[in-house]
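Within every chain, numbering begins at 1; the chains are lettered A, B, ... in the order of the sequence lines, protein sequences first and strands thereafter. From a predicted model like this one, the values you see are computed outputs, not experimental measurements. When reading the values below, keep in mind they use all heavy atoms of this one structure, side chains included, and skip hydrogens, waters and symmetry mates.
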Amino acid sequence: MFAFRSFRARNPDSMSTELSISARAMARLPGADAGELAHLVGLNPEQRAAVEATEGPVLVLAGAGTGKTRVLTSRLAHLIASRRAQPWQILSVTFTNKAAREMRERAGTMIGPAAQGLQWLGTFHLVSALILRRHAELVGLKSTFTILDMDDQHRLLKQVIAAANIDEKRWTARYLASLIDSWKNRALSPDKVALDEAYSFANGKGAELYATYQGRLRVLNACDFGDLLVHCVTIFRNHPDVLAEYHERFRYILVDEYQDTNIAQYLWLRLLAQKHRNLCVVGDDDQSIYGWRGAEVDNILRFENDFPGAKIIRLERNYRSTEHILAAASGLITANRDRLGKTLWTEESGGQKVLVRGVWDGDAEARLIADDVETWRRQGGRYAQAAILVRASWQMRAFEERFILLGIPYKVIGGPRFFERAEIRDAHAYLRLIRSESDDLAFERIANTPKRGIGDTTIAKIATASRAAEIPLARMAATLLATDELKGPAKAGLKQFLMDLDRWRLRSREIPHPELAELILEESGYTDMLRADKGPQSASKLENLKELVQAMSQFDSLAAYLEHVELVMDVERHEDGDSVQISTLHASKGLEWPLVFLPGWEEEVFPSKRALDEKGQKALEEERRLAYVGVTRARESARISFAANRQIFGRWQSVLPSRFVDELPPNHVEAVSETGYFAGGGGSAAEKFAAYGPLGLDVGAGFGSGYSSPGWKRAQASGMGASSSAAPIKPKIIEGESRLIGKSGPGDAHFAKGARVFHDKFGYGRVTHVEGAKLTVDFEKSGEKRVIDTFVKAA
DNA sequence: TCCGAGCCACTTTTT
DNA sequence: GTGGCTCGGA
């Protein structure tokens, strides 16, 4: 640290090859300042090699739990401490904001305040935006361009489609967005889109619409996520002088999760690394799970060819999981064909086998897992040590409901994200309109929110005129007010709105931006609108807006704040105590927990039917990698489960265990059905479980499986199992609940039958039945539910 | 212009 | 089971 601080004072330009060599020599001296080598302490030989191979292209194949992040941060520290580069001469790109944050934090603990100098550490999109702001004019944008999020993009595309007289039902904006995205992922401009692909939308209009969309973006002085990368690539290609500037700046390049890079990102990196060739990429082909988003596993498979002479270092020692977990995951992934191949090993022998359990239905699965969590907790574990990882977010609901019922605290990772909530986006639209009058998308979003009489027809009138005159909506609205074009409530509302905007814009120069936000939300009537709304969520929406104002105060200016939210669609989550984590498998990558639940391992759910339909074998391998990622998140215990029946689209369907269940190596798995134990190995899981008749797979095998039948529904509603198999489960639940009731005891909140109550999730309702602390409430919106009294307030 | 009723298709996964 | 959209009446 010491050596480092004194070094910071030096002029960065004085760094010469000579100094660099001497620094290198110093770093290798065993007797060198211990502080300087601190970042190498405790690394295993392979990790150390990866850290010290600073020059030339390097590919670090880092299996799950092999200390990948550690290597990256140590390498960063090493480059700086050995004086090969100043912090601002290193480009470190990650895939997610979370990873970037973690890297910055960990680098901070290693190299101290110098980590502040790591200005070029961030996601591909963040770094691209920084670069693009400086050269925006080279691609026809102003440096103040806005970055559209998916919602903006979607609305814009809808307009484009409608303007082209294409049936939006047949050809959805969503689909066009995905096509355009996939083109941008490959850095294809509208004129480069292959004919057959252009034909995949509205009989050949694909490329044309893409071009129209890009034109609209230019008029709006905006770009979408994909553009950030593509524009940079365009600039680097067409302006060698600009590229040279960045060659000079970035002496070393580090890339995390290289297996997730798409073609545009690959080109971006190749252009930037072309001169010094000090490119170090870290990744794991077995954890490539973003193919649907354009990631090319090929990038990592081909690295040696792309960068001749590349060093390849394999990190295979796993520090995370026990032997059985690792072996189960490894066994599973061997079914994949296209892989570089690694053999993970660990010194943690034994441990629990991977538990595979079959249950009757999704509810039973939620009960089982919730019970496990409570057992874990009773035995001294913490909630936060457990995670439930699902394939798709709709699967989360069952667990959330169960946890709410039992009072188990939980947190959804990557759930409905803060900045994507409607109220937050509305607030942002107001602020964006203050920042720039020409933000048409923002204008459209909030012109009539809250209602001020400016309906669709009025907006359409303004839009037509504004497009013809090529001036922003807000300005055209002002022009139209001076004419007789508009009348009645529309005119009055619009006039008031424009006056408000002007006033707020003036105020924005006088008062701090968080205060401005509060002012706008009050004066626009937005908060009043929410207060008047008695829906179950309006209270939490108001809370979110408060949180927004809070978040804003952490930035110097409104502009800085907006720039941040546009790029970092994620908010730093304050760790609020001890709660079970519920996450998608995708969002779980890079994380770990002692206890990991992997529910929903059923055909068509996981592997996902949709993925298989679209991409076939390739998707299957990706789904399998997802399974691999899931299992390798566990340190002590991985518990896979599947149900025989599941409600999909609101209908009961009988489902089969996932093929992945059968691919698990039997020696490392302990399989359990609700009715008893059986030995794993041989035969399909479906057969094995079916053999335990009561589990009921055979029952559901018949057509139109009786589970949507009235009888089944009645059985479900009455809480009784429909077959003998469900019966043994029931007592368990009752036990679980009474235990909880005992815990919450004669609580502070008592409700009588007939009392009106409010619940955060379910809204308002009336108590229909009281049983200790357990209430049955008939909710106005969501029907009858059983809840614990501490979760409702008197209303 | 607004709002409710009824119809629809839909659910991967994210910067 | 949800949310988005259309249609008809106030």
Side-chain angles (χ1 to χ4, degrees), chain A residues 93-100 122-129 147-150 153-154 158 168-170 172-175 177-178 181 184-185 223-229 257 260-262 264-265 288-295 362 389-398 401 413-417 419-420 422 448 450-460 486-494 565-570 583-589 600 604-615 619 622-623 625-626 629-630 646-652 781-783:
Chain A
V93 279
T94 62
F95 208 61
T96 64
N97 292 301
K98 194 174 67 188
T123 61
F124 275 99
H125 293 88
L126 180 96
V127 173
S128 295
I147 301 163
L148 302 191
D149 61 26
M150 281 188 338
Q153 186 189 24
H154 190 253
K158 267 174 119 165
E168 281 179 75
K169 286 251 169 80
R170 174 85 183 77
T172 64
R174 221 173 90 89
Y175 180 47
S178 75
D181 247 22
K184 289 185 177 174
N185 286 336
C223 64
D224 62 24
F225 274 100
D227 281 336
L228 293 172
L229 270 306
E257 308 279 16
D260 288 335
T261 52
N262 60 35
Q265 286 158 339
S288 164
I289 54 176
Y290 287 102
W292 52 273
R293 195 170 99 182
L389 309 180
V390 296
R391 173 66 241 265
S393 35
W394 59 263
Q395 296 171 268
M396 293 179 178
R397 194 179 315 138
E401 281 176 2
I413 301 178
R417 283 180 302 170
F419 291 123
E420 281 170 13
N448 203 29
K451 302 260 177 292
R452 35 174 91 87
I454 309 172
D456 292 343
T457 34
T458 309
I459 296 278
L486 305 169
K487 34 191 149 334
K491 185 163 190 168
L494 189 60
V565 295
E566 281 167 352
L567 279 164
V568 185
M569 294 300 293
D570 198 11
S583 168
T584 60
L585 286 160
H586 282 90
S588 77
K589 190 162 67 149
E604 310 217 331
V605 174
F606 188 39
S608 139
K609 174 176 161 55
R610 170 109 175 229
L612 263 45
D613 285 350
E614 277 171 21
K615 294 244 175 90
E622 182 153 315
E623 296 285 303
R625 291 193 289 266
L626 207 45
V629 166
R646 195 170 287 279
Q647 221 175 0
I648 296 171
F649 292 135
R651 302 215 153 253
W652 282 100
K781 294 249 162 89
S782 26

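- For the pair A:Glu420 CD and C:dG3 P, the computed distance is 15 Å after rounding to whole Å.
- Remark: A:Asn448 is in phosphate contact with B:dC2, judged by side-chain N or O atoms under 4.0 Å from OP1 or OP2.
- No donor-acceptor pair closer than 3.5 Å links the side chain of A:His125 to the backbone N or O of A:Leu567.
- Residues that satisfy the side-chain hydrogen bond (donor to acceptor under 3.5 Å, both in side chains) test with A:Ser288, not counting sequence neighbours, are absent from this structure.
- Closest to the A:Phe225 side chain, of the nucleotides B:dT1, B:dT13, B:dT15, is B:dT15.
- Going from atom CG of A:Asp224 over to atom P of B:dT14 covers 18 Å, rounded to whole Å.
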Close N/O contacts between protein and nucleotides 5-8 of chain C (under 3.5 Å):
unit_1 : atom_1 : unit_2   : atom_2 : d
C:dC5  : OP1    : A:Lys158 : NZ     : 2.2

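- Taking the side chain of A:Thr457 as heavy atoms from C-beta on, and the options B:dT14, B:dT1, B:dT13, the nearest nucleotide is B:dT1.
- Under the rule for a side-chain hydrogen bond (donor to acceptor under 3.5 Å, both in side chains), A:Asn448 has no partner lying at least two apart in sequence or in another chain.
- OP1 or OP2 of B:dT1 has at least one side-chain nitrogen or oxygen of A:Thr458 nearer than 4.0 Å.
- Counting only heavy atoms from C-beta on, A:Lys451 has its side chain closest to B:dC2 among B:dT13, B:dT15, B:dC2.
- Counting only heavy atoms from C-beta on, A:Ser393 has its side chain closest to B:dT13 among B:dT15, C:dG1, B:dT13.
- Distance CD (A:Gln395) to C1' (C:dG1): 15 Å, rounded to an integer number of Å.
- Judged as a salt bridge (Lys or Arg N to Asp or Glu O under 4.0 Å), and not counting sequence neighbours, the contacts of A:Lys609 are A:Asp613.
- The residue among A:Arg174 and A:Phe95 whose nearest nucleotide of DNA chain B lies closer to the 5′ end is A:Arg174.
- Between A:Asp613 atom CG and B:dC10 atom P there is a gap of 12 Å when expressed in whole angstrom units.
- Listed by chain and residue number, A:Tyr290 satisfy the ring pair (Phe, Tyr, Trp, His ring centres under 6.0 Å) test with A:Phe95 (two or more places apart in sequence, or in another chain).
- We find that CG of A:Leu389 is positioned 14 Å from P of B:dT13, with the value rounded to whole Å.
- No donor-acceptor pair closer than 3.5 Å links the side chain of A:Glu257 to the backbone N or O of A:Thr94.
- Checked against B:dT13, B:dT15, C:dG1, the side chain of A:His586 finds its nearest nucleotide in B:dT13.
- Phosphate contact (OP1/OP2 of B:dT14, side-chain N/O of A:Thr584, threshold under 4.0 Å): present.
- By the 5.5 angstrom centroid cut-off and the 30-degree plane limit, A:Trp292 is classified as stacked against the base of B:dT13.
- A:Arg646 is linked by a salt bridge (Lys or Arg N to Asp or Glu O under 4.0 Å) to A:Glu365, A:Glu602, counting only residues two or more places apart in sequence or in another chain.
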Starting from the C-alpha separation in whole Å, work towards a yes-or-no answer on salt bridge (charged side-chain N to carboxylate O under 4.0 Å, His left out) for A:Asp181 and A:Arg293.
-> CA-CA 8 Å; A:Asp181 247 22; A:Arg293 195 170 99 182; over 6 Å; no
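- Among the protein residues, A:Tyr290 comes within range of the sugar-phosphate backbone only, with heavy atoms under 4.0 Å from sugar or phosphate atoms but none that close to a base.
- Atoms CZ (A:Arg397) and C1' (C:dT2) sit 7 Å apart, rounded to a whole Å.
- Rounded to a whole Å, the NZ atom of A:Lys184 is 18 Å from the P atom of B:dT15.
- Between the C1' atom of B:dA9 and the CD1 atom of A:Ile648 lies a distance of 16 Å, rounded to the nearest Å.
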